[in-house]
Amino acid sequence: MFTGIITDVGSVRSVIKTGDWRFEFNTAYETAKIDLGASIACSGCCLTVVDRGPGWFASEVSAETMSKTICSTWETGSLVNFERPLKAGDELGGHIVSGHVDGVGTISLIEPEGDSLRFQFKAPEELSPFIASKGSIAVNGVSLTVNEVSDAIFGVNIIPHTRENTTFRSCQVGALVNLEIDLLARYVARLLEKE
């Protein structure tokens, strides 16, 4: 489990296609302290560490994950948000994030609003019922509060700290993003289906 609070922005060091895809990532994490088999959320996608060395780690990504996330858009040099898993007793600064991407959205608007940036995203239609004003959503692994929703379009404000410490610093209109809806919304919807 994760919280949506990004602790490092790294980059793709290499992409190798074998049976699956192998991504190597540059990171500021102290990789000697990361166990093989550990999970790291990579722009919201929970990936398993299969190899590591000083300043880098590697993960293997299946065709299923490539087809359902923005991993397929990564190339050498692409910036990636990283978050290590939550440990018992850690502060829960964002919201509960599983690292299981629900769909891919598109940035439809970026405009200044005070010192912040107003972002709007177009979500897949099937996710729109789970996105609520003042609710939580993870976008590329970042825990954000939804400001408003209109059908499949929702908006958030990105404060300067978040922009500078995540991949939002380099985002452009039209870019694809990983979306994970709030776990609470998912379970409430499931309970309502049974009634």
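Position 1 is the first residue of the sequence; numbering continues from there. Heavy atoms only: backbone and side chains are in, while hydrogens, waters and symmetry mates are out.
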Next item on the list: Just do the side-chain contact (heavy atoms from CB on, under 4.5 Å) check on Ile153 and Lys122 with the steps written out, would you?
Entry: CA-CA 5 Å; Ile153 303 289; Lys122 184 175 191 318; 3.6 Å; yes
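Residues that satisfy the side chain to side chain contact (heavy atoms under 4.5 Å, CB included) test with Ser62, not counting sequence neighbours, are Asp20, Glu64, Thr65. Under the side-chain hydrogen bond (donor to acceptor under 3.5 Å, both in side chains) criterion, Asn81 pairs with Thr167, sequence neighbours left out.
Separation of atoms CD (Glu180) and CG (Asn140) is listed at 12.0 Å; rounding is to 0.5 Å. Note that the CH2 atom of Trp56 and the CG atom of Asn26 stand 10.0 Å from one another [nearest 0.5 Å]. The distance from atom CZ of Arg169 to atom CZ of Arg163, rounded to the nearest 0.5 Å, is 11.5 Å. Glu24 contributes atom CD, which lies 9.5 Å from atom OG1 of Thr76 (distance to the nearest 0.5 angstrom). Of the inter-residue distances, the one linking Arg52 atom CZ with Asp35 atom CG reads 7.0 Å to the nearest 0.5 angstrom. Put simply, CE on Met1 and OG on Ser98 are 6.0 Å apart, with the number rounded to the nearest 0.5 Å.
Applying the ring pair (Phe, Tyr, Trp, His ring centres under 6.0 Å) definition to pairs two or more places apart or across chains, none involves residues 1-20.
One hydrophobic cluster, built from ILVMFWY side chains closer than 4.5 Å, holds both Ile181 and Val146. Hydrophobic clustering of Ile, Leu, Val, Met, Phe, Trp and Tyr side chains at less than 4.5 Å, counting indirect connections, keeps Val50 apart from Ile16. Residue Phe121 is not grouped with residue Ile159 when hydrophobic side chains (ILVMFWY) are merged at heavy-atom distances under 4.5 angstrom, including chains of intermediate members. Two different hydrophobic clusters hold Val101 and Leu79 under the rule that ILVMFWY side chains link at heavy-atom gaps under 4.5 Å.
For the pair Glu111/Gln120, no side-chain contact is recorded, criterion being any heavy-atom separation below 4.5 Å from C-beta on. Annotation: side chain of Ile158 is in contact with side chain of Leu144 (closest heavy-atom distance under 4.5 Å). No side-chain heavy atom of Glu83 sits less than 4.5 Å from a side-chain heavy atom of Val97. Residues Asn157 and Arg118 have side chains in contact (heavy-atom distance under 4.5 Å, counting atoms from C-beta outward). Contact annotation: the side chain of Ser116 approaches that of Pro160 to within less than 4.5 Å [non-hydrogen atoms, C-beta and beyond].
Cluster partners of Val15 are Val12, Trp21, Phe23, Phe25, Tyr29, Ile34, Leu36, Ile40, Leu47, Val49, Phe57, Val61, Met66, Ile70, Trp74, Val80, Phe82, Val104, Leu176, counting Ile, Leu, Val, Met, Phe, Trp and Tyr whose side-chain heavy atoms approach within less than 4.5 Å, directly or via other members. Leu109 belongs to no hydrophobic cluster with other residues, because no ILVMFWY side-chain heavy atom falls under 4.5 Å from its own, directly or through intermediates.
Across all non-hydrogen atoms, the minimal contact from Thr3 to Ser143 is O-CB, 3.5 Å. Minimum heavy-atom separation, Gly141 to Ile6: O-CD1, 3.6 Å. Heavy atoms only, all atoms of each residue included: Asn178 and Ser43 are closest at ND2-O, 2.9 Å.
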Distance-only criterion, 3.5 Å: show the donor-acceptor pairs between side-chain atoms of residues 123-139 and protein atoms not counting sequence neighbours.
from	atom 1	to	atom 2	distance (Å)
Ser128	OG	Glu125	O	2.8
Ser133	OG	Asn147	O	3.0

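Atom NZ of Lys33 has 12 or fewer heavy atoms from other residues, nucleotides or ligands within 6.0 Å.
Proximity of a side-chain donor or acceptor of Asp8 to a complementary backbone N or O of Thr27 within less than 3.5 Å is not detected.
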